[in-house]
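Structure first, then comments.
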Amino acid sequence: MEGLPIEVLTEIFSHFDDESMWNAMKVCKIWTEVFTTSTKLNERFQLQITKEFIETQDLSNLPNIPIKNISIIDVNIEEASNFKKLSELINTYKHSIKNFSMTDVHFTSIENLKEILKDQSSLKNLKISNLNFFKSKPIQRIFLPQLQSLSIKITNNYVNSMKNIFDLFTSNESIEKIELTAQACNSNCFDHESFNNFVKTLPKFKHLIMNGHGILSYLNHKEFPSKLEKFEVFALGFHWRASVPRLDFLKSQTGSLRELKLHRLPFDTDGGEVLKFIIEEMNLENFYYDEIPLILNEQKQEIEEIWVSEASVNALMEILRQFPMIKILRLTLIGCSIGALHLTEILSLPTNLFNQLQELIIIDNSRHEFQNFVNLYKNCKNIKRLTIETKESKLSELLKEFLPIMTQLEEFKLVCDDFDINKRLEVISENCLSLKVLKIKKEHLENARRIFNDFNDLIFEII
Amino acid sequence: MDIDRPSDPQVSVVSSDGTMFHTTLKSILLSGTIKDMIEHIGEGGVENMGAIPLQNVDSKTLEIVIKWIEHHKDNIQPTSEEIKDKTADFIDPWDENFLEMDLDKLYNLITAANYLNIPQLLWLSTRKIAMLIKNRTPQEIRSLFNIEDDWTPQEIEAVQKENQWCEEK
């Protein structure tokens with residue numbers, strides 16, 4: 001049997017019923033490992049509890065196997081019979097559950113949550129999403145000896161739930177990682193004090209993930225008691241209340257922090273300063289912007305493209321200054337972004353800033369009327385490839401803005417519907433004298449061929 | 001000259017210990033591994049290609065495999081995807097009888113079916129072993145397969161605890 005490869009053992013084990021599986025798990029360590037590492041077999045150790053499951057499942061007929069992953073989805077346990085059934089069921093697997101996730105579960109009070117989780121001796125990862133508590137009062141704490149990671153997501157209407165959950169898990173010293181998500185919350189709903197008091201009781205806590213706009217107000221650098229090793233921010237612009245300056249928070253974490261992930265570039269006025277500090281002063285091992293590693297020296301040279309949607313102009317400048325190898329800039333304009341908020345800054349940019357760029361991609365979906373980008377574009381002296389994706393109403397004006405750089409363009413991609421497309425194409429043909437490739441929509445091809453009749457070697461590509 | 005070409009040409013395979021076996025193309029194509037090899041040779045090359053060397057299958061095992069594929073050459077074979085969802089409802093009595101062999105032979109057959117990628121044979125042979133394990137205690141399984149018990153008492157206690165509920169039942 002030793003000679004058999006893992007995949008063959010997996011094949012054999014997949015024929016087992018629950019009981020044989022359980023007996024086989026106790027044979028030797030290799031066999032146990034096969035059970036825990038194979039995805040195919042692992043499915044057997046999972047249990048998904050839905051409304052239907054709770055209503056129909058016979059509790060005397062549960063899988064006779066140590067369930068490791070349990071997820072409860074969309075169950076209303078305000079009803080006493082449902083609640084009783086659920087807690088009995090969970091209690092059955094109290095020594096084997098390692099990963100526990102609850103989504104859209106309606107509780108009458110946080111006491112219920114405590115009841116469900118009590119005596120879970122193996123639980124490592126707990127994820128709580130959109131729990132609704134209708135009553136909340138001060139409660140006793142719960143103690144889960146193996147708990148390492150706690151993830152809490154709340155909806156707008158139940159902002160107090162977060163504080164209740166903090167109180168519930170206070171002093172669970174094994175917690176290392178916390179993820180907080182509050183998508184649409186008003187930042188004023190939170191008080192950082194309860195979070196600070198909570199993490200103060202967690203000596204091993206070192207990894208913080210924050211998702212959603214407003215959630216960052218949970219951080220107060222002045223009192224934040226933990227030294228983080230990993231910090232991930234998936235919130236708009238790495239931005240939080242002016243009364244909690246990011247720079248000061250980052251300074252307080254310098255030395256301990258090894259990894260920082262930002263989903264967006266900072267977009268308020270000190271964005272450039274913040275980025276400069278992160279890159280030059282924090283001595284990070286890993287710094288990611290939108291999953292792109294930005295700090296490792298050897299990789300720094302390889303970064304050629306950057307995608308910016310929300311950022312302040314000085315943050316963008318700082319990125320280009322730090323990473324001279326970036327040749328492709330993709331700007332996505334939505335609402336309050338470059339140009340819209342920071343027009344005056346763009347107009348005063350140093351003229352050599354965009355010399356390094358060879359390709360510019362503008363995706364303008366903003367509701368704003370077109371802003372004056374002329375200074376930005378006339379500085380892009382070396383741009384050879386240009387993409388414009390915009391609404392019809394803006395195209396004419398955008399093309400006008402681009403006139404100063406059009407003469408050097410070799411490739412033009414136009415993604416736009418315009419009643420007056422012929423006129424627009426004429427502007428391009430009159431100005432882009434070096435054009436070699438034109439990428440347009442299929443329905444515009446015929447007109448384009450006629451208008452660009454004089455361009456001998458021009459290649460048309462359909463997009 | 002397709003007319004003269006036998007509908008199921010002969011193919012030779014050589015075992016790891018150098019024994020040559022003759023079988024037919026239809027039979028050998030039940031092996032996904034050999035099918036891939038032959039597809040790379042291309043049409044028309046089959047008659048002229050030499051014996052296919054199978055370095056991971058010894059002659060005793062290869063003989064058994066050939067017996068199985070020749071018996072099943074005209075049957076439609078389930079793909080590995082279909083086999084995943086297969087439940088053990090009906091087993092062909094011929095197969096049941098065919099799989100009556102000692103454990104060593106069965107291991108070798110499983111290994112060969114895995115290497116040669118014959119999903120149905122792999123399913124049958126692994127199922128056979130699984131049936132042997134069924135309803136046995138861990139200790140019985142260990143002695144049946146000569147497996148060393150490498151758990152410390154503390155470790156096995158922790159494992160037992162995980163499923164206290166199943167144990168008590």
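The figures here come from the full heavy-atom set of this structure, side chains too, leaving out hydrogens, waters and symmetry mates. Here is how names work: the chains are called A, B, and so on, in the same order as the sequence lines, proteins then strands, and each is numbered from 1.
Of the residues considered (K128(B), Q139(B), E155(B)), E155(B) shows the highest number of contacts with chain A, using heavy-atom pairs under 4.5 Å. Between chain B and the options S14(A), C28(A), A24(A), the largest number of non-hydrogen pairs under 4.5 Å is found for C28(A). When each of D150(B), I156(B), I110(B), D104(B) is checked for heavy-atom pairs under 4.5 Å with chain A, D150(B) comes out on top.
Contact annotation for T32(A): only side-chain heavy atoms (C-beta onward) come within less than 4.5 Å of a heavy atom of chain B. Contacts of N114(B) with chain A are made by side-chain atoms alone, with heavy-atom separations under 4.5 Å and no backbone atom involved. Contacts of M25(A) with chain B are made by backbone atoms alone, with heavy-atom separations under 4.5 Å and no side-chain atom involved. Using a 4.5 Å cut-off between heavy atoms, D17(A) touches chain B through its side chain atoms alone. With a 4.5 angstrom heavy-atom cutoff, N135(B) touches chain A only via backbone atoms.
One finds a salt bridge joining E115(A) and K118(A) here, because a Lys/Arg side-chain nitrogen approaches an Asp/Glu carboxylate oxygen to under 4.0 Å.
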Item to complete: Kindly determine whether D95(B) and H72(B) satisfy side chain to side chain donor-acceptor pair (under 3.5 Å), including the steps that lead there.
Response: CA-CA 10 Å; D95(B) 283 331; H72(B) 285 283; 2.8 Å; yes
Practice prompt. Would you sort out whether F169(A) and F198(A) count as a ring-ring contact (aromatic ring centres under 6.0 Å, His included), showing the intermediate values?
Written response: CA-CA 8 Å; F169(A) 291 102; F198(A) 174 47; 7.4 Å; no
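By the 30° and 60° cut-offs, the orientation of the rings of F98(B) relative to W68(B) is tilted. Using a 30° and 60° split on the angle between ring planes, F145(B) and W31(A) fall in the tilted class, from 30° to 60°.
At distances below 3.5 Å, at least one donor-acceptor pair connects side-chain atoms of D8(B) with backbone N or O atoms of L25(B).
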